[in-house]
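Here is the structure we will look at, set down as structure tokens.
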Amino acid sequence: MHIVVCIKQVPDSAQIRIHPVTNTIMRQGVPAIINPFDLFSLEEALRIKDKVGARVTVLTMGPPMAETSLRKALSLGADDAVLLTDRKFAGSDTLATSYALTSAIKKLSEEETVDLVFCGKQTVDGDTAQVGPGIATRLGFQQLTYITKIESIDQGAKEIVVHRRSEGGVQVLKTALPCMITMLEGTNTIRFGKMDDMFRAARYGLKTWNKDTTGAEETKVGLKGSPTVVSKVFVPKPRAQKATMVEAESPTAEAQAAAAVDAILGAQPKLADELLARAAAGL
Amino acid sequence: MSEPSKPQGRKFQLPEHLKEYKGIWVIVEQERGSVHSVSWELVGEARKLADKLGVEVGAVVLGAESPELNAICGDAFTYGADVVYKVTDPVLADYRTDPYTRVMTDVVNTYKPEIVLLGATTLGRDLAGAIATTLATGLTADCTELDIYMDNRSLAATRPTFGGTLLCTIQTLAYRPQMATVRPRVMSMPDRDDSRSGRVVEVFPNLRETDVITKVLSFIADREQNEAQLAFADIIVAAGKGLGKPENLKLVFDLAKVLGGEVGVTRPLVQAGWTGFDRQVGQTGKTVRPKLYIAAGISGAIQHRVGMEKSDLILAINTDPNAPIFDFAHLGLVGDALTILPALTDAFGKRLSVNRLAG
Ligand SMILES: Cc1cc2nc3c(=O)[nH]c(=O)nc-3n(C[C@H](O)[C@H](O)[C@H](O)COP(=O)(O)OP(=O)(O)OC[C@H]3O[C@@H](n4cnc5c(N)ncnc54)[C@H](O)[C@@H]3O)c2cc1C
Ligand SMILES: Cc1cc2nc3c(=O)[nH]c(=O)nc-3n(C[C@H](O)[C@H](O)[C@H](O)COP(=O)(O)OP(=O)(O)OC[C@H]3O[C@@H](n4cnc5c(N)ncnc54)[C@H](O)[C@@H]3O)c2cc1C
């Protein structure tokens, strides 16, 4: 079994700062991490490897410095790593990104047929959740998003049973390999790396591919290959009005609560009616 | 949030063969006979955009033939659709990516809408990504505002990025249809107009179950799992780290009970294991739009704010008069949530029971 896990290197979003004057993102000094959502998928792939045996390849498209994230994934137990990097890929939207990543997965499949592709549910920077479905569609793989649990995987019959989160419940799905899976967050906890994997990761000669290596067409990548155009970026306008402070007759909790109830029911007469109607009905 | 101040569309010529794409579609999300409310919110929004462009609103309803499905088609008109594309086949009874994508791309290629909108739900995001890739067109994710740049008649779709610290407006220029997913509860629910009706276009895709590889073995409803139903709650009492310790969550549950509401929390509480992920409000949790949101001991971080700021009325209780939450709450109370919450429970309880006696 050959599993490809797509990981994206992202800025640690908790530390994103906006330049107060120019309103631009200040990336300098912001540490880069593996997209947190991708770790749930990486862990699931490694669990399959532990359970039924598999070769796990991690793949990222990004600038040369994204190598750091690949080495991190190797230290956690991935077997192989591919850095897809080319200036021509810059400015790719999700359609172009899924095209470029798919070209690399197809090339990997020539070495050893790929049975499973894992992606994160979404990233914390672009945040679209579109790249996974894009890859599945391009490869003609069954698409399994928001998976909460892989119940069983049968290598011989090439069958997999999963739980998929949907609105209002969980779908239990059975399908055939190959498929593309995105794991829901919180479904597992990423392991600590083993010492020998860490040593191996530091020295590992990972693959560095560009547009020509994978045979990606120039018109389908980068800005040229991207139907969407960002026409403006701006900081949300703060709401014009600040909160009206509730004034109580005395500083006791009771007086404050009474004043707050008055303020709420006064501001929302309709809500007051509904609450009273519900209370009157004894609900 | 701000409106794009003036049309800023790029100058470009739409290729001739794309000019025949007309009308705004909403893919109505229905599962087991009930519609996700975001679909009607989008029909309402599509109505506004279509009136600007002078085109029709189409609602696409997919599923297996049933009385419920017919009722949904009728509802689409009352919320603002002009045409309903009713696509029925037994294979479409349960949502699966593959048959839904195949059918939708065919219908789009046949009727050629210029804009296609879906809810940014688990179903909508799954389906939209597959359709847009098959059609090789642009898709803007998780939008919070839609508008039309009249100079080139293109969709201006605005979405938060970097967890809401920035907004960006995205256009799909020389490709059709222009696609977008929109967060639930961001657009307001349109009023019903039962006098409205329109055309129904029936589509029979003739699918074969044997062609579909993925099978639905079963469905485990959340109702059977005691999951909190935050997204549809009218009243939410939410707790943050200011509550100090897990035992104090009882205070918000008590108040929620008196009000007939649900309990929400900030992410740190979920991470610390105080309660389940189903109660998390915010960027990586639920987006909510209740009539009343009481935020107790919550600072108002942007990742929390984006999930609740559209609430009709927000009351914030915080010991720190400079907490950011007071910048966008409607009502503010500076004080200790640990004493104010029980007092609120009492005050509401009294107020409501007095009325019950009087009534
Ligand atoms: C402000 C802003 C807004 C944007 N909005 C849109 C938009 O609305 N529509 C659009 O089409 N594009 C948009 N883009 C472009 C988009 O962010 C890029 O295409 C990006 O390369 C991939 O999208 P994502 O980060 O949303 O990934 P997602 O689709 O959220 O990622 C899902 C998963 O796919 C995999 N993956 C994604 N990128 C890579 C990668 N480079 N290498 C390996 N695996 C990867 C990971 O497993 C990831 O968890 C936007 C970009 C910016 C800066
Ligand atoms: C990628 C990413 C995604 C995230 N997603 C989410 C998300 O979906 N949802 C979310 O909520 N957060 C999310 N966060 C976390 C977010 O940034 C904040 O850390 C979080 O919302 C803060 O929670 P809080 O308000 O409970 O805690 P704090 O920020 O610590 O605020 C506690 C507040 O309580 C007040 N207080 C203290 N004692 C009392 C008292 N006795 N009575 C009244 N007030 C008191 C304090 O003055 C303070 O304002 C995310 C972060 C990241 C990086």
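The model shown is predicted, which means the values in this text are computed figures rather than measured ones. As a basis for the values below, the full set of heavy atoms in this structure was taken, side chains included, without hydrogen atoms, waters or symmetry mates. Numbered from 1 within each chain, the chains take letters A, B, ... in sequence-line order.
- Annotation for Asp127(A) and Arg159(B): closest pair O-NH2, 3.3 Å, computed over non-hydrogen atoms.
- Remark: Leu184(A) CG to Thr122(B) OG1 distance equals 9.5 Å, nearest 0.5 Å.
- Across every non-hydrogen atom of Tyr95(B) and Gln171(A), the tightest pair is O-NE2, 3.0 Å.
- When side chains are defined from C-beta on, Gln268(A) does not count as touching Leu292(B), because their heavy atoms never get closer than 4.5 Å.
- If you tally non-hydrogen atom pairs under 4.5 Å between each of Lys270(A), Glu185(A), Arg164(A) and chain B, the highest count goes to Arg164(A).
- Val172(A) has its side chain out of reach of Val216(B): every pair of non-hydrogen atoms, C-beta onward, lies at least 4.5 Å apart.
- A heavy-atom distance below 4.5 Å is found between the side chains of Phe234(A) and Thr169(B).
- With contacts defined as side-chain heavy-atom distances shorter than 4.5 Å, the pair Thr97(B)/Thr145(A) does not qualify.
- When every heavy atom of Ala130(B) is checked against every heavy atom of Pro133(A), the shortest pair comes out as N-CB, 4.0 Å.
- Note that CG of Leu217(B) and NE2 of His163(A) are 8.5 Å apart. Values are rounded to the nearest 0.5 Å.
- Only the backbone of Ala132(B) comes within contact range of chain A, judged by heavy atoms closer than 4.5 Å.
- Within the 4.5 Å cutoff, the side chain of Asp142(B) has no heavy atoms near those of the Gln122(A) side chain.
- For chain B, the nearby part of Leu265(A) is the side chain; its heavy atoms alone come within less than 4.5 Å.
- Within the 4.5 Å cutoff, no side-chain heavy atoms of Asp346(B) are placed close to those of Glu254(A).
- Residues Thr101(B) and Thr137(A) form no side-chain contact, since every pair of their non-hydrogen atoms from C-beta on lies 4.5 Å or further apart.
- For a residue to count as touching a neighbouring chain, one of its non-hydrogen atoms must lie under 4.5 Å from one of that chain's; by this rule Ala176(A) touches chain B with backbone and side chain alike.
- Arg165(A) has no carboxylate O lying under 4.0 Å from a charged side-chain N of Asp126(B), or vice versa, which leaves the two without a salt bridge.
- Proximity to chain B (any heavy atom under 4.5 Å) is shown, for Val131(A), by neither the backbone nor the side chain.
- Contacts with chain B were tallied for Ala258(A), Ser166(A), Pro251(A); Ser166(A) has the most, counting heavy-atom pairs under 4.5 Å.
- Nearest heavy atom pair, residue Glu167(A) against residue Arg32(B), reads O-NH2, 3.9 Å.
- Chosen from Ile160(A), Leu271(A), Val261(A), the residue pairing most often with chain B at heavy-atom distances under 4.5 Å is Val261(A).
- Within the 4.5 angstrom heavy-atom criterion, atoms from both the backbone and the side chain of Leu173(A) approach chain B.
- For Leu95(A), the part lying under 4.5 angstrom from a heavy atom of chain B is the side chain only.
- For a residue to count as touching a neighbouring chain, one of its non-hydrogen atoms must lie under 4.5 Å from one of that chain's; by this rule Leu139(B) touches chain A with backbone and side chain alike.
- To the nearest 0.5 angstrom, Leu331(B) atom CG is 11.0 Å from Asp262(A) atom CG.
- Between Tyr149(B) and Ser231(A) the shortest heavy-atom distance is OH-OG, 4.0 Å.
- When heavy atoms are compared at a cutoff of 4.5 Å, Ile235(B) approaches chain A solely by way of its side chain, counted from C-beta outward.
- Heavy atoms closer than 4.5 Å to chain A are found in the side chain of Glu29(B), but not in its backbone.
- For a residue to count as touching a neighbouring chain, one of its non-hydrogen atoms must lie under 4.5 Å from one of that chain's; by this rule Tyr99(A) does not touch chain B.
- At least one side-chain heavy atom of Gln142(A) sits under 4.5 Å from a side-chain heavy atom of Asp98(B).
- Neither the backbone nor the side chain of Glu247(A) comes within less than 4.5 Å of any heavy atom in chain B.
- Rounding to the nearest 0.5 Å gives a distance of 6.5 Å between CZ of Phe348(B) and CG of Leu275(A).
- Thr133(B) OG1 to Leu139(A) CG: the interatomic distance, rounded to the nearest 0.5 Å, is 11.0 Å.
- Here Thr252(A) contributes atom OG1 and Ile340(B) contributes atom CD1; the two are 9.5 Å apart, rounded to the nearest 0.5 Å.
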